[in-house]
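Chain identifiers are assigned alphabetically (A, B, ...) following the order of the sequence lines, protein sequences preceding nucleic acid strands; residue numbering begins at 1 within each chain.
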Amino acid sequence: MRSLRPAVPLSRDKQDTLLLLASTVLVLLPHTAHLPPWVTLVCGATLVWRAALTLLGRRMPANLLLVPLAVAAMAGVLQTYHTVLGRDAGVAMLVLLVAFKMLEMHARRDLFVVVFLCFFLVLTNFFYSQSIGTAALMLVSIVALLTTQLSFQLTGAVPSLRTRLLMGLKILALAAPLAAAGFVLFPRIDGPLWGMPDDGHAARTGLSDTMAPGQFSNLAQSNDPAFRVKFEGAPPSQPQLYWRGPVLGAYDGRTWTRVLPRPNFGRKAPSAVSIKVRGEPLRYQVTLEPSDTRWLFALEMPRALPQLSGGPATVTAELELQASSPVRERIRYELMSYVDFNMQAGDTLENAYQWLLLPYGRNPKALAAGQRLRQDYPDAMQRVQAVLRQFATGGYSYTLQPPLLGGDAVDEFLYNTRAGFCEHFAGSFVFLMRAAGIPARVVTGYQGGELNPIDGYFTVRQSDAHAWGEVWLPRLGWIRVDPTAAVAPERVQRNLAQALPAPSPFGFEGLGRLMQPDPDSLLARVRYAIGAANNGWNQWVLNYTAQRQQVLMETLQENLFGWRSAALLALACALLLIAGKFSKRRRNDPVDRLYSALCHRLGQLGLPRAPDEGPTAYAARVAGAALAPEPKAAAAEFLRRYSAWRYAPPQSPPHGAGLLTTLRELLSRVR
Amino acid sequence: MTTAAVTRLALGARIYAWLRGRRSTWRERTTARDRGEVELSQRRVYILPTRAGLGFGALLLALLVGSINYSLGLGFGLTFVAAACGLVDMIYTYRNLAHLHLRPGRGSAVFAGEEAPFELQLFNRTRLARYALWIDLDTMKDPRHAVDVAAGSSTTVVLSSTSRQRGWMKAPRVRLSTRFPLGLFNAWSYWQPDSRALVYPFPEQDAPPLPSSGHPSPDGFGSAGSDDFAGVRSYQPGDPLRQLAWRHIARLDPALGGQLVTKQFEGGSLDELVLDLDALPPRLDPELKLSRLTRWVLEAELRSLPYALHLGRQRIGAALGPAHQAACLEALALYGIPDAAR
C-alpha cells in the first residue's frame with residue numbers, strides 16, 4: 001500500500017486545489033441525476049483534466065483554448081434546452097461555468113468565485129429534491145466548502161486535513177443555532193417575486209380532469225403521496241373516506257370529461273346548490289402536494305371554502321373545489337365536512353338533461369340493457385341496485401391489467417372481458433344509469449388513506465385515486481354509488497393492495513403477500529417512522545410559510561412573554577455572568593496549571609506543599625524527603641525549571657511549547 | 001439669520017467638535033506608544049468585511065431571493081446556515097487577533113540608510129491556536145510577514161524599516177491583521193512598539209585617509225608618507241596602482257563589503273590616533289564631519305590602530321575592540337541630539 005502514496009508529499013497549493021476539486025465534485029454529484037449526460041461528461045472530463053494538471057504540475061490551458069470550449073458548451077446547452085435562461089438550462093450553464101472556472105483559477109479571488117458558485121449550485125439542487133437526504137448532503141457540502149475556504153487562508157502552519165475538517169464542522173455547529181433562529185424568525189414572504197419560467201415546475205403525476213382508459217391503473221402504480229390529512233377529532237372510518245375531485249359528465253364514447261359551463265346558458269350559481277347536512281362536522285387539515293392543477297380535494301361533503309394564501313378558492317356547481325391558480329407547491333388548508341348529507345334533494349333537477357346525454361350510436365347492447373332496466377323496474381332505486389347486483393354476481397373481476405377495449409368500450413367490458421379497474425366500473429355504471437333514464441355522473445378523486453400511527457396523519461397516495469358514480473334520485477338528491485365496492489369490497493374497506501390479487505414476484509406464489517408487511521411488523525413500523533419524519537420535514541421545514549410562521553409566533557408570544565419568562569431570562573443572564581467571571585479567574589497560565597498538578601501529586605505521595613512555601617523551598621524539602629529516587633529527581637528538576645521560568649527577568653523569552661512538554665513529561669514521571 | 005438657523009449652526013458645531021474629539025481619542029488610541037507588553041484588547045481590534053465578504057453578502061442575497069421566488073424551504077435553510085457561518089467567521093476572525101500579547105524585542109544598531117530591524121514578540125496565552133496573522137509596518141500597503149502562533153507559545157518577527165538619519169529611531173507603527181478562517185472579514189489592530197534602534201551616522205564614502213594625530217599640520221592631513229608601511233586604507237581615486245594592497249584585496253571578500261585598499265606609508269613616529277571633531281576643517285558640514293569620523297572609526301578598527309575620539313567635551317580614550325567601536329559609534333550617533341539620554 002505504501003507504494004500508492006506519492007514519494008514526495010504534495011505541495012500545499014496542490015493539496016488545496018485537490019481539496020477544492022473534491023468539494024466541487026461533492027456539490028456537482030447530485031446534479032448528475034438530472035443533467036443531460038453530455039454535460040456530466042464534459043464536467044467530469046474538465047475536473048479530471050484539472051486534477052491531472054495539478055498532479056503533474058503542468059500549466060493551465062491558455063484562454064485561447066478555453067474560450068472556444070466554453071462557447072461550444074454554451075451552444076450545446078442552447079441546442080439541448082433551446083434556451084440558456086430557463087431553470088434547467090441555467091443550472092446546466094452554472095455547472096459548466098464552475099467546471100471551466102476550475103481551469104481558469106489564477107488569483108485568490110477566483111477561489112471565492114468557485115466556492116460561492118458552489119454554494120449557489122447547492123441551492124439549485126433543491127429544485128429537484130428537498131428530501132432529508134438532500135439536506136444531509138447539503139450539510140456535508142457546506143463543511144467541505146468551509147474546509148476548502150479556510151485551507152486557502154492558511155499561510156504557514158497547515159493543520160492536518162482532519163483538524164481542518166473539524167474546524168469546518170465546528171463553524172457549522174456554532175452556526176446551527178443561529179441558522180435555526182434565522183429560519184424560524186426571519187419574516188417569510190410568499191413567492192414568487194417575479195413570473196417564473198414555464199419549466200419552473202416539473203411534470204407531476206396526479207388526477208387530471210378527464211378519465212380515459214388506463215389512466216387510473218397508471219396512477220395505481222405510483223406510491224407518491226397526493227395529500228396528507230390530519231383530523232382534529234377521531235377520523236371517520238375507511239369506507240367514508242371519499243375525497244371528492246373533478247366531476248365528469250360528458251362522454252364521447254372513449255373519454256369522460258367535465259361538463260363545461262356555457263356562458264350564455266345560465267347555469268345555476270354555486271350558491272343555489274342546496275345541501276342539507278346532519279350530524280357533527282369533521283374538521284381537518286389537508287396538506288396538498290403540488291399537482292400543477294387547480295383541484296383541491298375535500299372529504300364529501302365540504303361546507304365552507306378553505307382559506308388559501310394565494311387567492312380565494314372557488315366551488316363549482318358540482319361541488320368541486322378549485323384554487324385560484326394551479327397548485328405548484330405544497331399548500332395547506334383547513335376544511336370542515338359532513339359525512340351525512342343530501343345534495344340538491346328536490347323533486348326536479350335543473351339541467352338534468354346534461355347528466356343524461358349519451359354518445360350517439362355507440363354501445364348498443366348497453367343502451368338496450370338500460371332501456372330494459374327502465375321497463376323492468378319502475379323505481380329508480382331498484383334499477384341502481386340491479387346494476388350493482390349484476391356487477392357483484394356477473395363474474396366481473398377487479399384487476400390492474402384490464403384487457404384492451406375497442407370502439408364500443410362499455411359493451412365489450414360489460415359483456416365480453418368483464419375485467420377492469422375502477423374507471424371501467426364507474427364509467428359503465430354511469431352509462432347504464434343514463435340509458436335507464438337516471439341522471440348520473442362520474443366522480444373522480446381519492447378513496448381511503450393510510451393512517452400513520454406515529455404522527456396521526458393520513459397519507460393519501462396517488463395509488464388511492466378512484467372513480468365512482470353519482471346518481472340523482474327524486475327527493476334523495478345526488479347519491480354516491482361506488483360500483484367498485486360491489487365487485488371488490490376490500491378496495492373500499494381496506495385499500496387497493498388488499499383488493500387486488502397478490503402478485504407473484506419471480507413466479508413464486510405467496511412471495512407477494514410476504515412483501516406486503518402486516519401493519520404491526522418491524523418493517524411497517526420503520527416505514528411509518530420514515531413516513532412521519534418525512535411529513536414533519538414537509539410540514540415544518542419545506543412548508544414553513546408566512547401563515548405557519550405567524551401561528552408559531554403567536555404561540556411563542558403567548559408562552560414566552562409573561563413575567564415568568566422575563567424573570568427566568570434575567571436569572572439565566574445572571575448565572576452566565578457569574579460563570580463567566582468564575583471561569584475567567586480559573587483561566588491561568590498552562591505552566592501554573594502543571595505546577596498545581598505537581599503539587600497535588602506530591603501531596604498524594606505524602607508531601608503536600610505548605611501554603612506559604614515557594615517552589616525553591618518546596619524543592620529543598622522534596623529533596624530531603626523519603627521518596628523513590630526517580631520521582632524525586634523528576635520532581636526536583638520540575639521545580640527547578642518552574643522556578644527558573646517563574647522568577648526569570650521579564651524580558652526573557654516566554655515559555656515555548658518546549659517547556660510545557662518538558663514539564664508535562666517530568667510530571668508524568670512523578671509517581 | 002434666524003434663531004433656528006443659529007441653533008442649527010451651534011448644534012452642527014457641537015457635533016463637529018464632538019466628532020473631532022472622538023477622532024483625536026481614536027488617533028491617540030491607535031498611535032499612543034505602548035509601554036512594554038501590550039494586550040490587543042477588544043477595543044483595539046477593528047473588523048470590516050473584505051471584498052470577498054461583500055461578495056458573500058451578495059451571494060446570501062441571491063440565495064434568499066432564489067429561495068423566496070421558488071419557495072424552496074430547504075433553500076431558506078441553506079441561506080441561513082451560510083449567513084450564520086459568515087457571522088461565526090466574523091467572531092473567529094476577531095478572536096484570531098484579540099487578546100494577543102505583544103512585546104518589543106531587542107533592537108540592533110545600523111548605519112543610516114540601512115534597514116533597521118525591529119524584533120517583535122507575539123505571545124499567545126490562550127488555548128486557541130492562531131493562524132495566518134499578517135504583520136508589517138503600517139506604512140506598507142501589503143503586509144510581508146505571516147506568522148502562526150500555536151496555543152500557549154510565542155513567535156518572533158523581525159520587521160525592518162529604512163533608517164534615514166542618525167540618532168535613536170523609534171519603531172514605526174505596526175499593523176497586525178488577519179482574515180482567518182474564511183477570509184470574509186479582515187480584523188486588524190495597530191501597535192506602537194516601545195522600542196528603538198540606534199542609527200549610526202552614514203560612513204563617508206570617499207573619506208580622506210586617517211590622520212596620524214589629533215593635530216594635523218597646516219597643509220592638511222599630511223603625515224601620510226611613503227617610507228614606512230603603516231597599514232592599509234580604503235582606495236581613493238588617484239592612488240597609484242602600485243600602491244594598492246593586492247594581497248589584502250585578494251583576502252577580502254567583496255561580498256562582505258570588501259573594496260580596494262591602498263597601502264599606506266608613513267614617515268615619522270606613529271602618534272596616537274586621535275579622531276577629533278574640532279580638528280576637522282570648520283567649514284565642513286557638521287553631519288559630514290560625523291560621517292567622516294564614522295568612516296575613520298571603522299577604518300582604524302579595521303587596521304587595528306588604537307584610536308581615541310574627541311567630540312567637543314566628550315572624550316573617549318584610545319582603545320580598540322568591538323565594545324570601544326560601539327561606544328564611539330554611539331557617541332557619534334547621538335552627538336548633539338538633545339533627548340539622547342533617554
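Using a 4.5 Å cut-off between heavy atoms, B/Leu72 touches chain A through backbone and side chain atoms alike. The contact between B/Ala52 and chain A is made by backbone and side chain atoms together, counting heavy-atom distances below 4.5 Å. With a threshold of 4.5 angstrom between heavy atoms, B/Ala62 approaches chain A through its backbone and through its side chain. Neither the backbone nor the side chain of A/Trp540 comes within contact range of chain B; no heavy atoms are under 4.5 Å apart. Of the atoms belonging to A/Leu146, heavy atoms from both backbone and side chain fall under 4.5 Å from chain B. If you measure heavy-atom distances from B/Tyr92 to chain A, the contacts under 4.5 Å come from the side chain alone. Proximity to chain B is absent for every atom of A/Arg164, based on heavy atoms less than 4.5 angstrom apart. When heavy atoms are compared at a cutoff of 4.5 Å, B/Leu78 approaches chain A by way of both its backbone and its side chain. Interface remark: A/Thr163 contributes no atoms to any contact with chain B (heavy atom separation under 4.5 Å). The contact between B/Leu64 and chain A is made entirely by side chain atoms (from C-beta outward), counting heavy-atom distances below 4.5 Å.
The ring of A/Phe186 has its center no closer than 6.0 angstrom to the ring center of B/Phe76.
The candidate from A/Leu150, A/Leu145, A/Val115, A/Leu139 with the greatest count of non-hydrogen atom pairs under 4.5 Å with chain B is A/Leu150. With chain A as the partner, the residue from B/Val81, B/Val147, B/Val88, B/Leu74 showing the most heavy-atom pairs under 4.5 Å is B/Leu74. Ranking B/Ala146, B/Cys85, B/Ala150 against chain A, the residue ahead of the rest is B/Cys85, based on heavy-atom pairs under 4.5 Å. Ranked by heavy-atom pairs under 4.5 Å with chain B, the first of A/Ser151, A/Ala179, A/Ala135 is A/Ala179.
In terms of heavy atoms, B/Arg127 sits closest to A/Arg593 at CD-NH2, 4.2 Å.
In this structure, A/Arg87 is positioned above the aromatic face of A/Tyr128, its NZ or CZ under 6.0 Å from the six-membered ring centre and within 45° of the axis. Within the cation-pi definition used here (under 6.0 Å to the ring centroid, within 45° of the axis), B/Arg125 qualifies as a partner of B/Phe123. Because its NZ or CZ atom is not both nearer than 6.0 Å to the ring centre of A/Phe112 and within 45° of the ring axis, B/Arg51 does not count as a cation-pi partner of that residue.
A donor and an acceptor atom, one from each side chain of B/Ser154 and B/Gln121, are nowhere located under 3.5 Å apart. With no hydrogens or angles considered, no side-chain donor-acceptor pair links B/Tyr46 and B/Asn186 at under 3.5 Å. Judged by distance alone, the side chains of B/Asn124 and B/Arg130 do bring a donor and an acceptor atom under 3.5 Å apart.
For A/Glu665, the CD atom is densely surrounded, since the number of other residues' heavy atoms within 6.0 Å is greater than 12.
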